[in-house]
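Structure, as structure tokens:
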Protein chains: 2
Amino acid sequence: MNISQAAAASGISAKMIRHYEAIGLIPPAGRTAAGYRAYTAREVRILAFIRRARALGFPLPEIRALLALWSDRDRHSADVKRLAVQHIEQLEAKARMLTELASTLRTLADACSGDARPDCPIIESLVSGERPA
Amino acid sequence: MNISQAAAASGISAKMIRHYEAIGLIPPAGRTAAGYRAYTAREVRILAFIRRARALGFPLPEIRALLALWSDRDRHSADVKRLAVQHIEQLEAKARMLTELASTLRTLADACSGDARPDCPIIESLVSGERPA
DNA sequence: CTTGACCTTCCCATGATGGGAAGCCCGATC
DNA sequence: GATCGGGCTTCCCATCATGGGAAGGTCAAG
């Protein structure tokens with residue numbers, strides 16, 4: 001299977017497949033006589049695994065660990081769970097931060113008349129650092 | 001005022017002040033005879049404005065627009081509000097996405113025994129793409 | 001045997017930030 | 001007035017994950 005077929009089958013772009021190989025996330029693919037990368041169904045499964053982990057928001061370093069756990073027959077599910085829970089906490093922390101920002105800004109926007117006049121609590125807050133009352 | 005003093009006064013690192021100048025977010029600072037950048041209180045106020053906008057999660061392109069609106073005496077508060085509301089929606093959309101990811105992953109993690117056995121719904125879901133029942 | 005689609009590697013860009021090197025400058029101390 | 005520590009300058013590189021594009025080799029169909 002050529003790289004573009006592996007890309008279509010796995011949902012990872014050819015560009016990224018090469019990149020993952022370059023950074024050692026996946027082992028180097030076999031090559032045809034002409035130097036084309038050749039992929040097996042097994043390798044496509046690995047790529048799809050990576051795609052699903054990315055879709056769950058795992059960064060590549062953590063995916064590296066997940067791949068290692070996947071291929072480790074003697075893994076402890078506790079190790080996988082710990083990784084996942086840690087990641088969940090990071091996702092939730094980021095979400096909370098964004099929600100807080102949005103709510104702060106929403107308060108400012110609600111106080112802004114949004115008409116043709118120049119006076120605007122949003123700008124004023126950025127200028128002074130104070131929240132309007 | 002030297003760049004490090006402007007940095008301390010504005011809360012923006014000297015590194016970033018130079019960067020903002022390089023990308024044209026702020027006009028080039030004046031220079032002393034020796035070539036050192038010199039900052040006035042006015043420029044520090046601009047930098048603090050940028051810092052506060054960043055703290056609210058505005059990306060630099062939007063901050064560019066906010067700076068233009070700030071210095072525009074004939075601005076319409078509606079323009080500021082539109083920018084802010086658009087940004088709020090982006091923040092909320094991102095937050096929703098992260099929350100969803102966390103909740104999906106939480107379901108998987110809850111189903112994982114987290115002990116010494118290798119069986120793990122998290123890994124299985126990444127392998128098959130199916131959520132365990 | 002040409003043509004078009006594919007493959008290869010290599011470089012560059014994103015967005016915001018930081019690290020670090022090489023070299024110049026300023027002020028204070030001896 | 002020489003020296004030294006710290007601050008300033010520019011320039012390059014790194015992050016994280018991804019994509020764009022160029023230059024050149026290869027394959028398959030007409």
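A, B, ... follow the sequence lines: proteins, then strands. Residue 1 opens every chain. Computed from a prediction, not measured in an experiment: that's the story for all the values here.
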Next on the checklist: Would you say that more than 12 heavy atoms from the other residues, nucleotides or ligands in this model lie under 6.0 Å from the CZ of A/R31, or not?
Outcome noted: yes
Next on the checklist: Between B/R82 and B/D79, is there a side-chain heavy-atom distance shorter than 4.5 Å?
Outcome noted: yes
Checklist entry - When the distance from CE of B/M1 to P of D/dC8 is rounded to whole Å, what number comes out? => result 12 Å
Checklist entry - Nearest-Å distance, CZ (A/R64) to P (D/dC16)? => result 10 Å
Checklist entry - If each of B/Y20 and A/K15 is mapped to the nucleotide of DNA chain C with the nearest heavy atom, which maps nearer the 5' terminus, i.e. the 5' end? => result A/K15
Next on the checklist: Side chains of A/L60 and A/R54, heavy atoms from C-beta outward: is any pair under 4.5 Å?
Outcome noted: yes
Checklist outcome for this item: So the contacted stretch of DNA chain C, first to last nucleotide with an atom under 4.0 Å from a non-hydrogen atom of chain B, runs from C/dA16 to C/dC26
Checklist entry - What is the distance from CD of B/Q5 to P of D/dG6, rounded to the nearest Å? => result 16 Å
Item to check | Nearest-Å distance for atom pair OH/C1', residues B/Y36 and D/dT10 | outcome: 13 Å
Next on the checklist: Any heavy-atom pair between the side chains of A/I17 and A/I26 that's under 4.5 Å?
Outcome noted: yes
Checklist entry - Is there side-chain contact between B/Y20 and B/I50, with at least one heavy-atom pair below 4.5 Å? => result yes
Next on the checklist: Classify A/R18 by what it touches in the nucleic acid, base, sugar-phosphate, or nothing, heavy-atom distance under 4.0 Å.
Outcome noted: base
Checklist outcome for this item: Within residues 46-58 of chain A, the residues having a heavy atom closer than 4.0 Å to DNA chain C are none
Item to check | Minimum side-chain heavy-atom gap A/F58-A/L66 below 4.5 Å | outcome: yes
Next on the checklist: Taking the basic N atoms (NZ, or NE/NH1/NH2) and the acidic carboxylate oxygens, is any pair closer than 4.0 Å for B/D115 and B/R117?
Outcome noted: yes
Checklist entry - Base, sugar-phosphate, or nothing: which does A/S13 touch, judged by heavy atoms less than 4.0 Å apart? => result sugar-phosphate
Checklist entry - For residues B/S103 and B/E100, is any side-chain donor paired with an opposing acceptor at under 3.5 Å? => result no
Checklist entry - Which whole-number value in Å describes the distance from A/I3 CD1 to D/dG25 C1'? => result 16 Å
Checklist entry - Would you call B/L69 and B/L83 a side-chain contact if the rule is heavy atoms closer than 4.5 Å? => result yes
Checklist entry - Does a nitrogen or oxygen in the side chain of B/R31 sit under 4.0 Å from OP1 or OP2 of D/dT10? => result yes
Item to check | Whole-Å gap separating C1' (D/dT15) and NE2 (B/H19) | outcome: 14 Å
